[in-house]
Number of protein chains: 2
Amino acid sequence: MSSRPVSIKDVADRAGVAVGTVSNVLNHPARVSDTTRSRVQSAIDELGFVRNDAARQLRAGQSRTIGLIVLDVGNPFFSSLARAAEDCAAENGSTVVLGDSGQDPGREARYLDVFEQQRVQGMLVSPVGDLGVRIDELRGRGTPVVLVDRVDPQARCSSVSVDDVAGGYLAVRHLLDAGRRRIVFVGARAGYRQVTDRLTGARQAVGECAGAVLEVLEAEDMTVLAGREVGEVVARRSPAELPDGIFCANDLLAIGVMQAALLIRDLRVPEDLALIGYDDIDFATSTVVPLTSVRKPTELMGRTAVELLLEQIEDPDSPRRQVVFHPELVERGSTTALITAAG
Amino acid sequence: MSSRPVSIKDVADRAGVAVGTVSNVLNHPARVSDTTRSRVQSAIDELGFVRNDAARQLRAGQSRTIGLIVLDVGNPFFSSLARAAEDCAAENGSTVVLGDSGQDPGREARYLDVFEQQRVQGMLVSPVGDLGVRIDELRGRGTPVVLVDRVDPQARCSSVSVDDVAGGYLAVRHLLDAGRRRIVFVGARAGYRQVTDRLTGARQAVGECAGAVLEVLEAEDMTVLAGREVGEVVARRSPAELPDGIFCANDLLAIGVMQAALLIRDLRVPEDLALIGYDDIDFATSTVVPLTSVRKPTELMGRTAVELLLEQIEDPDSPRRQVVFHPELVERGSTTALITAAG
DNA sequence: AATGTGCTTTGAATCGTTTCATTAGCACGT
DNA sequence: ACGTGCTAATGAAACGATTCAAAGCACATT
């Protein structure tokens, strides 16, 4: 029943032309006369011909795909970045294929190997560990790499990342602008890099504001539950010791703190306590009081990553660029009271 | 500086053997003597040789990749399914590459084309619309397809899916077993297929229990906010009209209902009102009262999908199978009171 | 009639592997 | 010395596209 696959040769025979002509129809339609083109096209349709990409690539020496390796496809940051990268690649005639390393160096290595064997045009990688050597090898063999959400300290490749210090500054500055002075920062016990950057930014903002004080609290980890525990401790304090603004290192922590504040002590958010998170996850809009947060320009990062990669593909000797984006404040009810009724 | 890519020929020259021998080292190491093998291996390492997959595939006529096209990589269901599929594929020497259709038929078509041109071994697809014709074409040309989270009414290909009727039954049965009799089902105005199935299951369960009544409420859509609106309406009812158990068509709705119940009326969950959602999203553990939910066996579905595909790859004439999984109840505090203090 | 011009079409060479029939080399028994 | 079996290594022929120099053709110009 199912015979051997249809090749360009079969199409040529059917249409009564040479193989080169079929190839031209596929790749340089303008070179072919209208009549021939439509005859070839019919043959293609009738036979159900599908171009063999392996053969094309072998001869052409180049593929039309870009590999994207992310730490966790389930993470909204990466999925939205992937979406944007796909769009941008499509506009440039390329296709993004996605590999999920799941933070596992072994899987990451597998995808690097597979993509290199497939001779992808280039890769976007949000690396698990240090990829220094691997990146040099790849580049040496002609496959450029762009780092995502991480900068290469030795500037061997381009990268897109976010300035978390600026984000932390932005968040606390916003609290200060709203008149808050007794600020609490909630981070995590373990030293996530993002946490320390955000704290640094927070410190800067407080330092610039006379009369403002910053207290740092550590949660067990970066989860809602951990945030709730910290929130409960804070909520039980005497009125004099209560902060009037809390900045959490991510939204999950902030949601936990909010739960505690509303339920344990019936504090009003934002009147008694202004609250701000980080990452702007979907859920931030759905909390009882919608959560103000700090957002990375995810789509822009995805597009830029692809653009930087295309730059390197076109000219491997073009200078590497480290693009650092500034995050953006998303104001919601947890810091900004709606227009309150008179009184 | 960067010369032309290293080929198997270069390796052969360097090691002083024939190209066929290098190929054997790569593909049939047992056929090669130890000394030769190590000599070739050194040459490979020294030259940094990376096999050209296009050439391999062209000659071998087969690739080692499986295409997976999902509706939305951001959806935890798909990302966790993808992870499992990757693991299962890796165990069988294949690699999964992911394409995100984003519910867009155009993008879906693009990925189907790209993957077919790449001659993937087969595809797992959670289709946007009807893929009937396309699937026949693919299969006719030798690329098997397995549907994910959707059954093929004409059984042209295998599939993995979940019995949402059973899920709805499970949820309401659980409420009834906990002694609840005035049950409310919260669905969505627009007719999602999952919603109607879950409602059907709910009806069945109530039908089997004398004295139980089911009321159906419609939310604007399937979000936390819509759930909260419905919850507020319910919470304002007179005590006689209050339900004692609510089943929401997904977790977001349930979270919204919970927010309303706790805040508007200070109802106790689960004592006054037992609440159950569907999907078991991550957040279900992090609500103020942890949310009981119904979970699809995601990992199992991912693995099974790959297995069904491998089955079809090995023997294209093997019978197609429609595997339907039963969801599982995940009990948490919103339906089951912890051991209460004596009294 | 010869030559030139511009557009189509041709078909062989090529890309880097795998495959497989063949050969080489070696040890062993007669 | 010779055949027999083995294992190991060889190298040319695919695989299916793209590319490109060359040829073919129709028509205008000299």
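Chain A is the first sequence line, chain B the second, and so forth, proteins listed ahead of strands; every chain is numbered from 1.
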salt_bridge(A/Asp53, A/Arg64) N-O dist < 4.0 Å
no
Electrostatic pair A/Arg320-A/Glu311, nearest N-O below 4.0 angstrom:
no
What is the distance, to the nearest angstrom, from the CZ atom on B/Arg56 to the C1' atom on C/dG16?
12 Å
Nucleotides bounding contact with chain A, strand DNA chain D, heavy-atom threshold 4.0 Å:
D/dG16 to D/dT19
By a strict heavy-atom criterion of less than 4.0 Å, which residues belonging to residues 22-34 of chain A are in contact with DNA chain D?
A/Ser23, A/Asn27, A/His28
In whole Å, I'd like the distance from the CG atom of A/Asp13 to the C1' atom of C/dG11.
13 Å
The helix from C/dA1-D/dT30 to C/dT30-D/dA1: angle between end helix axes, five pairs per end, rounded to 10 degrees
70°
Atom-pair distance (CG on B/Asp10; P on C/dG16), nearest Å:
8 Å
Under 4.0 Å between a side-chain N or O of B/Arg51 and OP1 or OP2 of C/dT18?
yes
Measuring to OP1 and OP2 of C/dT10, would you say a side-chain N or O of A/Thr21 lies under 4.0 angstrom away?
yes
Cut-off 3.5 Å, side chains only: do B/Glu116 and B/Thr143 have a donor facing an acceptor?
no
What integer distance in Å separates A/Arg59:CZ from C/dG16:P?
9 Å
Value in whole Å for how far the C1' atom of C/dG16 lies from CD1 of B/Ile44
14 Å
Report the distance from atom NZ of A/Lys9 to atom P of C/dA12, rounded to the nearest whole Å.
11 Å
Using a 4.5 Å cut-off on heavy atoms from C-beta on, say whether the side chain of A/Ile69 contacts that of A/Ser126.
no
Gap between atoms CG and C1', on A/Leu58 and C/dT17 respectively (whole Å)
8 Å
